[in-house]
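Everything below concerns the one structure shown next.
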Amino acid sequence: MTTAKSVRVNAIDWLRAVTMFLMLFVNDIPGVKNIPHWLHHAKFDEDMLGFSDLIFPCFLFCVGLSIPFAVENRLAKGDSRWDIFAHAIWRTVSLVALGILTMNMEESGSLAQASVMVGGAFLLWNLYPTGGMWKRLSTILRIAGLLLLVGLVLWRDSQGIATERGWYGILGLIGWSYGVCMLLYLLWSRFSSVVVVWAVVLLLSLLNHASFIPEAYSSRALLLSFVPSDWTLHAFCFTGVFVSAALQRASTKDSKQRLLKCLLGGAVASLCLGFVSHNFWIISKIQATPTWYFFCMAIFLPLLAVFMYLCDTKDNVNVKGLLRPAATATLTCYLIPYFWYPLRGCINIYLPDTFYSGVLGLLNSLVYVLIVLAVVGLLNKVGIKLKL
């Protein structure tokens, strides 16, 4: 009996790796002084596309790019669509829970709380070996991790103050977007259906931001306005689904070349739509405006086309070296800082102020990212890797 081989597209891995690398970087630079304003996130009412405002939507785009291939791989291994749906629900719930917990760590978490959260997450979601003693031991470790996380939620400090339950956080928003887009793809996975669903998702985003249905009307629930981001984040994710569904149909070299041209054409169209929509909405990540979506896609589509040309069409180049954990262990990379920052504050490990300002500050953040990736690479080698 032959085992189905997983299909991977190197361009998607490269785009994910670069995005994760930059996510770690932009999460570290808020503490750096005297750097250009365009490197930061734009404020709520600021009409600007900051460099930091590009990273999160690009990761959502990568999540969507992975969905069709993930479904195809699991179907090839014999899983049913129900099995895939059940796993998607588990992954969504896990990401939302982690998002809420990590937001609490950002706002008021101590080193003890951070240790419990990261430790519990690693125990619960680690990718353990299979067979032998690990069959029972992994179950015990997962239960221990779950108990740690539940204990963290129920915990009270000496003054009776509980762990805060903030908003969903970045991981939670990723979980919502992934869950909705996975469900939509499982229901309508034919390419023609994917095109229609993508158009509907984008239309829902536009209708929500246009206030087409007034807030006072109960019929507004038809737009699922209770879903975080008013569908704009889901538009990023399902655009990735749409592109990968098209990539799956491009089986020959000529068809892949045509797809590259289509991506470039889509970038031009997105740029034009961005200027048109700018007459109605500002460019705002925090408000998740359609203008933000269009201008971001005008950047992401040609970037993916470049990676496809270099890594899949021209040469078969896998992500290797220090950057590989950013492509294959993104959740591990994301959680490590939630332990490091409280630890650094507790033991007072800081460089001179010069290293937190200007060019030196940016270089310091880059070195920090490389250290995180090196640590994650070492953890992976000893069998510690989060897998939802």
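For the single chain, residues carry numbers from 1 onward in sequence order. Note that the coordinates shown come from a computational prediction; the quantities given were computed from them, not determined experimentally. For the numbers below, each heavy atom of this structure counts, side chains included, while hydrogens, waters and symmetry mates do not.
Considering all non-hydrogen atoms of both residues, Pro68 and Tyr185 come closest at CB-OH, 3.6 Å. In terms of heavy atoms, Ala17 sits closest to Ala327 at CB-CB, 3.6 Å. Shown here for Leu15 and Leu304, the closest heavy-atom pair between the two residues is CD2-CD1, 4.2 Å. Among all heavy-atom pairs drawn from Asn34 and Ser357, the shortest one is ND2-OG, 2.8 Å. Taking each heavy atom of Cys237 and Ser177 in turn, the nearest pair found is SG-O, 4.0 Å. In plain terms, the two heavy atoms of Ser138 and Trp134 that are nearest each other are OG-O, 2.6 Å.
Phe44 shares a hydrophobic cluster with Ile286; the chain of contacts runs through ILVMFWY side chains whose heavy atoms sit under 4.5 Å apart.
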Cut-off 3.5 Å, no hydrogens considered: what does the side-chain donor-acceptor table look like for residues 53-61, sequence neighbours left out?
residue: Asp53; atom: OD1; partner: His41; partner atom: ND1; Å: 2.8
residue: Asp53; atom: OD2; partner: Ala42; partner atom: N; Å: 3.0
residue: Asp53; atom: OD2; partner: Gly50; partner atom: N; Å: 3.0

Residues 188-198 side chain polar contacts: donor-acceptor under 3.5 Å, at least two apart:
residue: Ser189; atom: OG; partner: Arg81; partner atom: NH2; Å: 3.1
residue: Trp198; atom: NE1; partner: Thr239; partner atom: OG1; Å: 3.0

Can you list, pair by pair, the side-chain donor-acceptor contacts under 3.5 Å of residues 360-381, counting residues two or more places apart and other chains?
residue: Asn364; atom: ND2; partner: Phe355; partner atom: O; Å: 3.3
residue: Ser365; atom: OG; partner: Asp28; partner atom: OD2; Å: 2.7
residue: Ser365; atom: OG; partner: Gly361; partner atom: O; Å: 3.3
residue: Tyr368; atom: OH; partner: Tyr341; partner atom: OH; Å: 3.2

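To the nearest 0.5 Å, atom OG1 of residue Thr19 and atom CZ of residue Phe300 are 7.5 Å apart. With values rounded to the nearest 0.5 angstrom, Trp38 atom CH2 is found 9.5 Å from Ser52 atom OG. Residue Leu386 holds its CG atom at 10.0 Å from CG of Leu123, rounded to the nearest 0.5 Å. Between the OG1 atom in Thr92 and the OH atom in Tyr178 there is a gap of 6.0 Å [rounded to 0.5 Å]. Distance CZ/Phe25 to CE/Met20: 13.5 Å, rounded to 0.5 Å. In this structure, CG on Asp13 lies 9.5 Å from SG on Cys311, to the nearest 0.5 angstrom.
Inter-residue side-chain proximity for Leu75 and Ile84 is flagged as met; some heavy-atom pair is nearer than 4.5 Å. Taking the side chain as every heavy atom from C-beta outward, Val32 and Leu39 never approach each other to under 4.5 Å. In this structure, the side chains of Phe85 and Leu187 stay at 4.5 Å or more apart for every pair of heavy atoms. Using a 4.5 Å cut-off on side-chain heavy atoms (C-beta onward), Arg142 and Leu146 make no contact. Within the 4.5 Å cutoff, the side chain of Val276 has no heavy atoms near those of the Phe294 side chain. Residues Ile35 and His40 have side chains in contact (heavy-atom distance under 4.5 Å, counting atoms from C-beta outward). Here the side chains of Leu101 and Val153 are in contact, with some heavy-atom distance below 4.5 Å. With a 4.5 Å cut-off on side-chain heavy atoms, Asn27 and Pro337 do not count as touching.
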Could you check Met308 against Leu247 for side chain to side chain contact (heavy atoms under 4.5 Å, CB included), going step by step and ending with a plain yes or no? CA-CA 10 Å; Met308 286 176 58; Leu247 182 58; 3.6 Å; yes
Between Met182 and Val241, is the side chain to side chain contact (heavy atoms under 4.5 Å, CB included) condition met? List the steps. CA-CA 9 Å; Met182 174 62 87; Val241 174; over 6 Å; no
Quick one: do Lys33 and Asp353 satisfy side chain to side chain contact (heavy atoms under 4.5 Å, CB included)? Show the steps, please. CA-CA 10 Å; Lys33 300 177 181 178; Asp353 291 343; over 6 Å; no
Give the intermediate values and the outcome of side chain to side chain contact (heavy atoms under 4.5 Å, CB included) for residues Leu233 and Trp176. CA-CA 9 Å; Leu233 300 189; Trp176 269 107; over 6 Å; no
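Judged by distance alone, with hydrogens and angles left aside, the side-chain atoms of Thr291 form a donor-acceptor pair with the main-chain N or O of Trp281 at under 3.5 Å. The main-chain N or O of Gly99 is found under 3.5 Å from a side-chain atom of Thr102 such that the two form a donor-acceptor pair. The backbone N or O of Asp83 lies less than 3.5 Å from a partner atom in the side chain of Ser80, making a donor-acceptor pair. Ser277 contributes a side-chain N or O that, together with a main-chain N or O of Gly274, makes up a donor-acceptor pair within less than 3.5 Å.
Applying the side-chain hydrogen bond (donor to acceptor under 3.5 Å, both in side chains) rule to pairs touching residues 123-133 yields Ser94-Trp125, sequence neighbours excluded. Sorted by first and then second residue, the pairs that involve residues 58-68 and meet side-chain hydrogen bond (donor to acceptor under 3.5 Å, both in side chains), not counting sequence neighbours, are Arg16-Ser66.
If you chain together hydrophobic residues whose side chains sit under 4.5 Å apart, Val116 and Ile140 never meet in one group. By the rule that hydrophobic residues join a cluster once side-chain heavy atoms approach within less than 4.5 Å of another member, Trp14 and Leu264 end up as members of separate clusters. Residues Ile282 and Leu271 fall into different hydrophobic clusters, defined by Ile, Leu, Val, Met, Phe, Trp and Tyr side chains chained together at heavy-atom separations under 4.5 Å. At a threshold of 4.5 Å between side-chain heavy atoms, the hydrophobic network of Ile, Leu, Val, Met, Phe, Trp and Tyr places Leu147 and Leu141 in two separate groups. One hydrophobic cluster holds both Tyr338 and Leu343 under the rule that ILVMFWY side chains link at heavy-atom gaps under 4.5 Å.
Ring-centre distance between Trp292 and Phe236: below the 6.0 Å cut-off. In this structure, Trp231 has its ring center under 6.0 Å from that of His234.
Between the side chains of Glu46 and His37, at least one donor N or O sits under 3.5 Å from an acceptor N or O. In the model, Ser284 has no side-chain atom that pairs as donor or acceptor with a side-chain atom of Thr289 under 3.5 Å. Side-chain atoms of Asn208 and Ser205 form no donor-acceptor pair, as typed in the model, at a separation below 3.5 Å.
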